[in-house]
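Read through the structure below, which is laid out as structure tokens, and then see the notes.
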Amino acid sequence: MAVVLTVAFAMPGLAIASPFSNLKPADPQPDAAALAPGLAVDYYGVLVNSLRELEGHMKYMEGKAGPPLPMLNYSVGMENVLTSNSDDMVGADINGFIHMKEPGRYVFLVHSNDGVRVTIGGQMIFEDPDVHADRFSDEIIVEISEPGWYPIHVLYFEKRNTSTLELYWEAPGYGDMDFVPAEAFSHLRE
Ligand SMILES: [Ca+2]
């Protein structure tokens, strides 16, 4: 305990983010022929204040499949939310795979308005579950030893006014922090 305190006092103000290192790749890896570009999305027309409320509705509502999301790079002001036909009151259940082509350290940033939860390889790496204005996550550090396709699940909702859903990374083989590119997303063909 004394050692821990010493370290904490020695680095005042330094936020120590512990990396997520238990992400599980898809097993088996999806066959390339079974994959389509982008992430699949099901929409729910609901007025909610939290992901928890959205999940409550999802227990008895059918989602409506929308056009796949090529990337998560939506900062659209008052326009329609993601690929839905609505500019407000949208819940989105987003599923597919993200390709991490090299082992190593990935740094993610999530930008959201309103609530969002990001789960990769079965591990929740970020949640900001309530109504909020555009807000960035802290840096989210992921370490993997096994390259390949990892399942990704993003649960998201937009209540009203402006909406944003963006996912950035700084990844081995990709250079500086930027949107996770379209080539790194896929979903199973229907
Ligand atoms: Ca909003």
Side-chain angles (χ1 to χ4, degrees), residues 15 17 20 23 36-99 106-142 150-171 174 176-187:
F20 293 96
L23 282 65
L39 298 173
V41 58
D42 286 323
Y43 290 113
Y44 295 82
V46 291
L47 178 63
V48 296
N49 289 300
S50 68
L51 292 177
R52 193 171 166 172
E53 287 182 21
L54 171 58
E55 290 173 302
H57 288 291
M58 287 169 67
K59 283 180 186 150
Y60 63 86
M61 283 178 77
E62 278 288 304
K64 184 167 180 247
L69 312 178
M71 298 166 64
L72 298 179
N73 60 341
Y74 296 89
S75 182
V76 300
M78 309 290 276
E79 302 295 315
N80 284 350
V81 180
L82 308 179
T83 56
S84 77
N85 297 317
S86 308
D87 58 3
D88 280 324
M89 293 172 53
V90 174
D93 186 21
I94 301 165
N95 284 284
F97 300 99
I98 182 168
H99 196 244
Y106 291 70
V107 182
F108 289 91
L109 286 174
V110 181
H111 195 199
S112 65
N113 161 358
D114 288 284
V116 66
R117 178 192 302 145
V118 179
T119 304
I120 299 179
Q123 176 122 50
M124 187 180 84
I125 63 164
F126 181 68
E127 185 178 51
D128 190 350
D130 303 310
V131 173
H132 53 266
D134 281 26
R135 183 153 77 195
F136 271 100
S137 66
D138 291 333
E139 288 192 341
I140 303 157
I141 299 167
V142 167
Y150 283 69
I152 180 170
H153 177 217
V154 179
L155 191 62
Y156 167 76
F157 76 91
E158 149 68 357
K159 183 181 182 186
R160 63 166 71 101
N161 296 324
T162 61
S163 74
T164 293
L165 179 59
E166 297 178 327
L167 182 65
Y168 300 79
W169 73 6
E170 188 179 295
Y174 281 100
D176 292 339
M177 182 66 71
D178 201 352
F179 289 120
V180 178
E183 71 193 64
F185 291 121
S186 71
H187 66 282

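By convention here, the first residue in the shown sequence is residue 1. Every number for a ligand or one of its atoms is a count from 1 in the order of the listing.
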*So does K159 pair up with E53, basic N to acidic O under 4.0 Å?*
no
*Let me see the working for Y150 and Q123 under side chain to side chain donor-acceptor pair (under 3.5 Å), right down to the final yes or no.*
CA-CA 10 Å; Y150 283 69; Q123 176 122 50; over 6 Å; no
_Before moving on, can you tell me the angle at the Ca ion (ligand 1) between the OD1 atom of N113 and the O atom of T162, to the nearest 10 degrees?_
80°
*Taking the Ca ion (ligand 1) as the vertex, how big is the angle to O in R160 and OE1 in E158, rounded to 10°?*
90°
*Would you please test N113 and T162 for side chain to side chain donor-acceptor pair (under 3.5 Å) and show each step?*
CA-CA 7 Å; N113 161 358; T162 61; 2.9 Å; yes
*In D114, which N, O or S atom comes closest to the Ca ion (ligand 1)?*
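Nearest N/O/S atom of D114: OD2.
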*Given Y43 and T83, is the side chain to side chain donor-acceptor pair (under 3.5 Å) satisfied, shown in steps?*
CA-CA 9 Å; Y43 290 113; T83 56; 2.6 Å; yes
